[in-house]
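So that the names make sense, note that chain A is the first sequence line, chain B the second, and so on, each numbered from 1.
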Protein chains: 2
Amino acid sequence: MKNNSDISSFISDFSTNCSKVQIKKFNKGETITTFLVNRNQFCVIISGSADLVRYDYNGNRIVTERFSKNSIFGEIFYHINTNSEFVVEAKEKSEVLLFSYDDINEKCKANCPFHEQLKSFFPNLVISKITELTSRIELLSRRTTRDKLLGYFNLLSKQHGKSFTLPFSITELANYLVVDRSSMTRELSILKKDEFIKQERNKITLLY
Amino acid sequence: MKNNSDISSFISDFSTNCSKVQIKKFNKGETITTFLVNRNQFCVIISGSADLVRYDYNGNRIVTERFSKNSIFGEIFYHINTNSEFVVEAKEKSEVLLFSYDDINEKCKANCPFHEQLKSFFPNLVISKITELTSRIELLSRRTTRDKLLGYFNLLSKQHGKSFTLPFSITELANYLVVDRSSMTRELSILKKDEFIKQERNKITLLY
DNA sequence: TATAATCTGTTGCATTTGCAACATCCTTTT
DNA sequence: AAAAGGATGTTGCAAATGCAACAGATTATA
């Protein structure tokens, strides 16, 4: 039985002579792509990780989203907006599958093995993307910084137990939860004082 | 050439003797489904519309999301959380396709016409869902109520021009943007006073 | 190793938002 | 047509958050 949730398992299988697809390697810090025009671009991380970065009017770098193995991203998922600029940057040495999405069922030629394989992986990739986005909306829908933090910690503790390391730095976490960094740190201090959590940098232990 | 973005166009085509699928009709106000346990439920609206509703601790009814023709929803997209209760309610007479999702490629029997058809619609349905969720996150990421409102109005004006009717009531819009209703009305009043918009109930005209 | 740059935590203060209460308007029901 | 229930708009006030500035810790770079 084939595992259809890890795309890296089949990358070596198919010949890369599909005309619509590229597999590229990136070093840390390199730009994987930008969201500027509509090329129906669709990307999947095969190995490594990347950040979706925006630069605000002051030139501050803001990490909006983080992608890791099997994450999908691309212009195709965005309503491109001229007054916002998105850049996807490799966070480490990474391998990325890039292709132009028209219809997953539309093949470049009669028997392209890439398209066959992608068709089998596509459903799981998109469904976990939707689940992820839904969770994020659920978090952003909370009124207070405290509720956002505890909600996010709960999600992580389901995966990793009471003690875990955040996938973000404190600064990045504030961006992810869309709250002011210093206010968030203030709230973390209160949670520590009230013995709800232990925290040091991005290491968290839940005490409840 | 087949249009793969409107699922209602093929509903009459296939025989409904697929063991995994149901097509149900609902009257206004009826409960289509709840998100309580994990049955991998996946739903598509064929006609009509529905609200994703939550009831807070005071029993207040809060519309969190709105689904219309070709919208997908279901437990499968949620990390079910015991302290939150979701109900999907028909907003009008509606037809809904419900099935248990295992793998879109897994057929109930050798040549089930439903699975063949669904496979062809699935990609467009999920991609527009992702785009929608991404836009919502983009809105919720804005710091001020004013920016959320203007951001949302911009999205709508791309589709409908400078004058449009919101798909929500004012109360529902506040829930959608996750702001306090009275604060939002206050902000709308300021936008009107400053002649950025005209507004009466859920009819908006942008003046810029 | 020294220096620079970035990240983290703290605090005071201004602004925004949420909450509550109320009046008015609109819609639905009887 | 009257009454009831719900939605909308307004406002005062309290609470939460953003902003700014700074000090100390950590990491990256020369």
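- The CZ-P distance, from A:Arg146 to D:dA15, rounds to 15 Å in whole Å.
- The side chain of A:Thr185 places no N or O atom within less than 4.0 Å of a non-bridging phosphate oxygen (OP1 or OP2) of C:dT8.
- In this structure, the CZ atom of A:Arg142 is 13 Å from the P atom of D:dT17, given to the nearest Å.
- Between D:dC19, C:dC7, D:dA7, one nucleotide has an atom nearer to the side chain of A:Asp180 than all others, and that is D:dC19.
- With contacts defined as side-chain heavy-atom distances shorter than 4.5 Å, the pair B:Val178/A:Leu140 does not qualify.
- Residue whose closest nucleotide on DNA chain D sits further toward the 5' end, between B:Glu172 and A:Arg181: B:Glu172.
- At a cut-off of 3.5 angstrom, counting only N and O atoms as typed in the model, there is no donor on one side facing an acceptor on the other between the side-chain of B:Ser183 and the base of C:dC19.
- Using a 4.0 Å cut-off, some side-chain N or O of B:Arg143 falls inside it from OP1 or OP2 of D:dG18.
- Look at CG on A:Leu188: it is 10 Å from P on C:dT10, rounded to the nearest Å.
- At whole-Å resolution of the value, CG in B:Leu149 and P in C:dT16 are 14 Å apart.
- A salt bridge is absent between B:Glu187 and B:Lys148; no separation between the charged side-chain nitrogens and carboxylate oxygens falls under 4.0 Å.
- Here the P atom of nucleotide D:dA16 and the CG atom of A:Leu177 are 18 Å apart, to the nearest Å.
- OP1 and OP2 of D:dT8 both lie 4.0 Å or more from every side-chain N or O belonging to B:Gln199.
- Residue A:Thr144 places its side chain closer to D:dT17 than to any other of D:dT8, D:dG9, D:dT17.
- A cation-pi geometry, defined here as NZ or CZ lying under 6.0 Å from the six-membered ring centre and within 45° of its normal, holds between A:Lys162 and A:Tyr208.
- For the pair B:Ser189 and D:dT10, the criterion of a side-chain N or O lying under 4.0 Å from OP1 or OP2 is met.
- Within the cation-pi definition used here (under 6.0 Å to the ring centroid, within 45° of the axis), A:Lys129 does not qualify as a partner of B:Phe77.
- Judged by atom type and distance alone, B:Arg186 reaches the base of C:dG18 through a side-chain donor-acceptor pair under 3.5 Å.
- Looking at A:Lys25 and A:Glu95, a side-chain N of the basic residue comes within less than 4.0 Å of a carboxylate O on the acidic one, giving a salt bridge.
- One interatomic measurement links the two molecules: CD1 of B:Ile170 to P of C:dC25, which rounds to 17 Å at whole-angstrom precision.
- Whole-Å rounding puts the B:Leu191 CG to D:dG9 C1' distance at 15 Å.
- Relative to the side chain of A:Ser169, the nucleotides D:dT10, D:dT17, C:dC7 differ in distance, and C:dC7 lies closest.
- Atoms CD (A:Glu187) and P (D:dT17) sit 6 Å apart, rounded to a whole Å.
- Taking only distance into account, the side chain of B:Ser182 meets the base of C:dA20 through a donor-acceptor pair shorter than 3.5 Å.
- Residue-to-nucleotide proximity on DNA chain C shows that, of B:Lys28 and B:Thr145, the 5′-proximal contact is made by B:Thr145.
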